*Asks:* 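Dumping the structure here so I can ask a few things about it.
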Number of protein chains: 2
Amino acid sequence: MLTQKAKYGLKAILMLAQRNSSEFTLVAEIADRQRAPRKYLELILLELRKHGFLHSQRGKNGGFRLARPPEQITFGQVIRVLDGPLAPFPCASLTGYRKCVDCSDEQVCAVRKQMRRVRDAMAAILDTTTLADAATPALARDVAADPAPAPIPA
Amino acid sequence: MLTQKAKYGLKAILMLAQRNSSEFTLVAEIADRQRAPRKYLELILLELRKHGFLHSQRGKNGGFRLARPPEQITFGQVIRVLDGPLAPFPCASLTGYRKCVDCSDEQVCAVRKQMRRVRDAMAAILDTTTLADAATPALARDVAADPAPAPIPA
DNA sequence: ATTGTCCCTACCGACTTACTAGGCAATACA
DNA sequence: TGTATTGCCTAGTAAGTCGGTAGGGACAAT
């Protein structure tokens, strides 16, 4: 299970992906639309910025926008920043590997072996699905900014 | 990420799956071999028993054994009992569904949509992999009871 | 100078995790 | 019958995490 933080973060960054990439969007507006606590969301966006996903500007007409094109940001990257490794156990993780203290020989541990399969299956989805993939307006109205301007007529 | 509890539980039940199914194994022995705190493991095994995975007997020569053949117990079943739903978010879960309070229309939420894919991928592995699948001694020496009798010579 | 915005640090209550403690209850065996 | 052995049950608990809140400082536009 992921945390609420990751959920807010994913929804927020996906909303930015659907906006015009050159414009800044206010935290308050994102919070409002995604029904997230403003101050809490602020912390999350700051974290995403610190890791290079977002660009921000202060003062009037400030806000946040993507720092890279949405084709270059995956769900997996965002989740790892906000919630840590994908794998069910640290011993089955590639990016956040930590040895099992209660395992005499990891190489043959059957539990780890299965969890590695699970990790791979998760990564196969999350590391290949980009914001652009998920942000096609027709499929993502809930996260979208505008009240659905019917993008592809009949 | 799953918890330590699920890890202990999986290793323990898998160890039992590799034993002769008619014999009882002591909590103390399982704890010892899996390097788990005895009293804590006891709670976990009790929980697995309460959910019908294990059978137990008290007094001398007592202990735990599987309540069903290992072909009929999946990783997914065990994990759900010890750690709850598999899905990244409750709104993407089948067995533990709970509505998203911060979502105006779940049906079109792009985040949920991707998380549903992840859930399905996880379930495809965890709900089809049984203890019997994982417990072939040659592949699971770490979790096995005996000190590895070299199963397939050269 | 003022207003609007992000930025930073600190704090907090509730809950969960990963245990530990202690004793009761049943079973086997002498 | 007694006693040792084992699981069964309830409680407690220290440390950490989650999901926020609070308050102000830095900076940009006007």
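Residue numbers begin at 1 in each chain, while the letters A, B, ... track the order of the sequences. Just so we're clear, the structure is a prediction, and the values are computed from it rather than from any experiment.
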*Asks:* Across the strands shown, which category fits Phe64(A) at heavy-atom distances under 4.0 angstrom: base, sugar-phosphate, nothing?
*Replies:* sugar-phosphate
*Asks:* Which of residues 75-90 of chain A sit near DNA chain C, with a heavy atom under 4.0 Å from it?
*Replies:* none
*Asks:* Using a 4.0 Å cut-off on protein heavy atoms (strictly under), produce a 5'-to-3' string for nucleotides 18-25 of chain C with B for base contact, S for backbone-only sugar-phosphate contact, and - for none.
*Replies:* BBBBBB-B
*Asks:* Please give, in whole Å, the distance from dT16(C) C1' to Met1(B) CE?
*Replies:* 17 Å
*Asks:* Reading DNA chain D in the 5' to 3' direction, which nucleotide is the first one with an atom under 4.0 Å from a heavy atom of chain A, and which is the last?
*Replies:* dC18(D) to dT30(D)
*Asks:* What integer distance in Å separates Arg65(A):CZ from dC6(C):P?
*Replies:* 14 Å
*Asks:* May I have the distance from Leu46(A) (atom CG) to dA10(C) (atom P), rounded to whole angstrom?
*Replies:* 15 Å
*Asks:* Rounded to the nearest angstrom, tell me the gap between atom CD in Glu47(A) and atom P in dC8(C).
*Replies:* 12 Å
*Asks:* Report the distance from atom CG of Leu54(A) to atom P of dC6(C), rounded to the nearest whole Å.
*Replies:* 12 Å
*Asks:* Please examine the side chains of Asn61(A) and Phe24(A), heavy atoms only from C-beta on, and report whether any two atoms are closer than 4.5 Å.
*Replies:* no
*Asks:* Is it the case that one hydrophobic cluster holds both Val81(A) and Tyr40(A), taking links as side-chain heavy atoms less than 4.5 Å apart, direct or via other members?
*Replies:* yes
*Asks:* Rounding to a whole Å, what distance do you find between Lys60(A):NZ and dG4(C):P?
*Replies:* 6 Å
